[in-house]
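For reference, the structure discussed in these notes is given below.
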Amino acid sequence: MITAAPAAVSTWAPLRSKVYRALWIAQLVSQLGTWMQTVGAQWILVDEPNAAVLVSFVQTAITLPVMLLAIPSGVIADLVDRRWLLLCAQSSMAILAAVLAVSTATGHTTPAVLLTLLFLLGCGQALTGPAWQAIQPELVPREQIPSAAALGSMSINVGRAVGPAIAGVLVSLSGPTLVFTLNAVSFVGIVVVLALWRRPAKDRRLPSERPLAALQAGTRFIRAAPAIRRVLLRSILFIAPASALWALLPVIARDELGLSSSGYGLMLGALGLGAVLGAIGLSRLRTLLTPTQRLSTAAVLFGVATAAAAVLHVVPIVLVLLVFAGFAWLLAMSTMNSTMQLLLPAWVRARGLSVYLLVFMGGQAIGSLLWGLVAGAAGPVFALLCAAALLACCAVSTVWLPISHNAENLDQTPSAFWPEPQLAVEPDPADGPVLVLRTYDVPPEHLDEFTSAMAFVGRSRQRTGAMEWRLYRDVGVLDRYVEAFVVRSWAEHMHQHQVRLTAQDQIREQAVAEYTNGADRITHLVAISPH
């Protein structure tokens with residue numbers, strides 16, 4: 001029987017970590033600056049010819065880099081020192097934001113200049129995203145990762161809710177230059193904290209992975225990790241219909257509820273308030289509900305709020321339901337984000353999270369576009385009701401498509417438990433492919449248990465580097481079985497030996513050993529090119 005987490009961890013527990021607390025506060029300030037910048041950029045373009053098209057390009061310029069660079073950014077974040085990567089990216093973004101402020105103050109911010117600088121700032125965000133997510137487990141204990149994910153989601157939602165309201169006041173008083181200046185200053189806190197953080201140095205006994213090989217290794221990991229693929233699928237199933245409310249809320253505020261821009265800001269504030277309340281109540285919910293139940297609850301609440309925004313015209317009721325929607329959004333985002341972080345070992349964490357960020361941002365961007373087209377053809381009310389129906393289907397589908405409930409219990413600590421190969425000849429790191437043969441003697445009465453246990457071991461081999469894996473029966477020797485897997489190079493096999501294996505992989509191999517007789521035998525074969 002599957003049960004929820006037995007003990008509550010306070011949402012605020014990660015803030016006891018000095019480095020995490022400083023980075024979280026700095027990130028919250030930066031989120032406010034980023035959303036203020038978006039309002040300032042849109043304000044510059046409202047008086048231009050084709051303003052509607054240009055204003056829509058603002059969001060495109062910010063989000064397109066994430067779509068293009070999320071995966072390469074994840075590879076880079078796994079290959080280099082993440083602290084230095086974040087420091088360089090945040091410093092570059094501070095400089096770009098300052099350039100935007102100066103060019104606006106001097107009257108040189110044309111639409112082309114504005115969109116170019118926003119695109120470059122978006123590239124910085126894309127480069128930062130996977131690395132930022134990947135350092136969370138370095139800053140807080142494993143049991144606090146769900147709380148850290150909730151706090152991260154809360155800061156984003158608070159920035160989304162409060163930043164535009166502040167920017168609207170400042171732009172009306174002094175124009176967009178002040179907003180751009182404050183955004184540039186908002187990066188300073190993150191840069192200072194990163195500069196002062198003394199991240200423990202890692203022992204690098206092996207050469208770094210090559211970028212293309214690292215990309216392929218990350219792809220193989222996800223392909224051989226059903227639990228991670230399930231989280232990605234659940235993300236799509238929730239985000240695609242949920243994006244309708246975010247995309248169509250301004251239209252509903254104006255056309256259905258008769259609200260002004262300040263009323264729309266109040267609706268965003270209700271969503272932000274819900275996110276804060278969700279973060280406060282998350283620790284309690286984690287003791288009552290499994291991750292899958294939390295996702296189902298979030299889909300139901302967000303669906304109800306989406307339908308209410310379509311059919312109800314009583315502003316106070318809609319605002320209350322939007323608070324529940326903000327609560328549900330944080331519940332879903334924190335659950336999926338923390339599950340991904342808990343399932344990913346350190347060596348591939350940024351690559352895995354980059355795929356999650358791509359799914360998240362892509363689902364929002366493409367979903368918003370599609371719901372906009374549906375609203376244009378059939379009206380926003382119809383579009384929101386369709387989205388609410390899909391969210392109901394999303395909730396029901398958790399019965400057949402649950403996510404991992406024991407992610408917190410998986411031990412992803414690196415564990416180099418394989419014996420070092422006995423070599424008569426030392427291969428060159430680039431030599432390969434490498435064929436590894438492992439022989440097992442299995443009593444007939446344990447064959448079924450052995451093959452079942454080997455299925456998990458096979459996925460482990462593929463996650464850690466094997467391009468191919470198979471289990472063979474030796475027909476020349478009674479009760480003998482041979483495992484064979486291929487790794488692309490000797491260097492990658494050494495990474496498999498020393499870096500990629502975890503304590504969870506060791507548990508899987510120990511389960512296999514229970515059904516075999518005697519010690520298994522291992523052979524390494526390195527391919528050569530015949531002359």
Side-chain angles (χ1 to χ4, degrees), residues 27 29-70 73 88-129 156 159-191 246-247 249-251 254 261-262 264-265 268 357 361-362 364-366 368-369 372:
Q27 184 196 32
V29 173
S30 182
Q31 288 288 345
L32 290 170
T34 297
W35 284 101
M36 290 166 62
Q37 170 192 264
T38 300
V39 172
Q42 292 171 335
W43 185 262
I44 285 180
L45 298 174
V46 292
D47 293 328
E48 295 287 335
N50 300 317
V53 176
L54 289 174
V55 168
S56 68
F57 282 172
V58 169
Q59 202 62 37
T60 302
I62 296 171
T63 58
L64 183 61
V66 177
M67 303 287 291
L68 298 176
L69 301 177
S73 297
C88 292
Q90 294 291 324
S91 299
S92 299
M93 292 167 70
I95 293 171
L96 289 168
V99 169
L100 177 57
V102 171
S103 66
T104 303
T106 56
H108 293 91
T109 304
T110 63
V113 169
L114 175 64
L115 294 174
T116 299
L117 288 172
L118 291 178
F119 180 83
L120 293 175
L121 282 161
C123 290
Q125 291 283 8
L127 196 61
T128 298
I156 294 172
R160 188 202 296 257
V162 178
I166 297 175
V169 174
L170 294 179
V171 169
S172 65
L173 293 176
S174 60
T177 300
L178 177 59
V179 169
F180 294 152
T181 302
L182 292 175
N183 183 48
V185 174
S186 74
F187 289 105
V188 174
I190 295 180
V191 172
W246 292 107
L249 196 60
V251 179
R254 183 190 62 189
S261 58
S262 60
Y264 170 58
L268 288 177
L357 290 173
M361 297 297 294
Q364 275 199 296
I366 297 173
S368 297
L369 174 62

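Note that the structure is a prediction, hence the values are computed from the model and not measured.
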- Task: Of all the heavy-atom pairs spanning Leu357 and Gly129, show the shortest one and how long it is.
- Result: CD1-C, 3.5 Å
- Does some side-chain heavy atom of Ile44 sit less than 4.5 Å from a side-chain heavy atom of Phe180? yes
- Query: Under 3.5 Å, side chain of Ser73 to main-chain N/O of Ala126, donor-acceptor pair present?
  - Reply: yes
- Query: Residues in side chain to side chain contact (heavy atoms under 4.5 Å, CB included) with Val29, at least two apart?
  - Reply: Ser186
- So do the side chains of Met36 and Val179 get within less than 4.5 Å of each other, counting heavy atoms only? yes
- Task: Check Gly163 against Leu32 and note the closest heavy-atom contact, atom names and distance.
- Result: N-CD2, 3.8 Å
- By side-chain hydrogen bond (donor to acceptor under 3.5 Å, both in side chains), which residues pair with Ser174, not counting sequence neighbours? none
- Item | Nearest-0.5 Å distance, CG of residue Asn183 to CD of residue Gln31 | 10.5 Å
- Task: Could you tell me which residues satisfy side chain to side chain contact (heavy atoms under 4.5 Å, CB included) with Thr38, sequence neighbours excluded, listed by chain and number?
- Result: Gln42, Val58, Gln59, Ile62
- Message: Among residues at least two apart in sequence or on other chains, which ones pass side-chain hydrogen bond (donor to acceptor under 3.5 Å, both in side chains) with Ser103?
- Response: Thr109
- Taking the side chain as every heavy atom from C-beta outward, state whether Leu170 and Leu182 have any pair of such atoms under 4.5 Å apart. yes
- Message: If the condition is side chain to side chain contact (heavy atoms under 4.5 Å, CB included), which residues does Ala184 pass it with, not counting sequence neighbours?
- Response: Ala97, Ala98
- Message: On a heavy-atom basis, which atom in Leu64 and which in Phe119 lie closest, and how many Å separate them?
- Response: CD2-CE1, 4.2 Å
- Query: To the nearest 0.5 Å, how far apart are CG in Leu100 and OG1 in Thr116?
  - Reply: 11.0 Å
- Message: Suppose we screen for side chain to side chain contact (heavy atoms under 4.5 Å, CB included). Which residues come up paired with Thr128, at least two apart in sequence or across chains?
- Response: Leu86, Ala89, Gln90, Met93, Trp132
- Message: Apply side chain to side chain contact (heavy atoms under 4.5 Å, CB included) to residues Thr181 and Thr177 and explain how you reach the verdict.
- Response: CA-CA 6 Å; Thr181 302; Thr177 300; 4.2 Å; yes
- Note on the structure: Looking only at heavy atoms, the pair that brings Ala41 and Leu118 closest together is CB-CD1, 3.8 Å
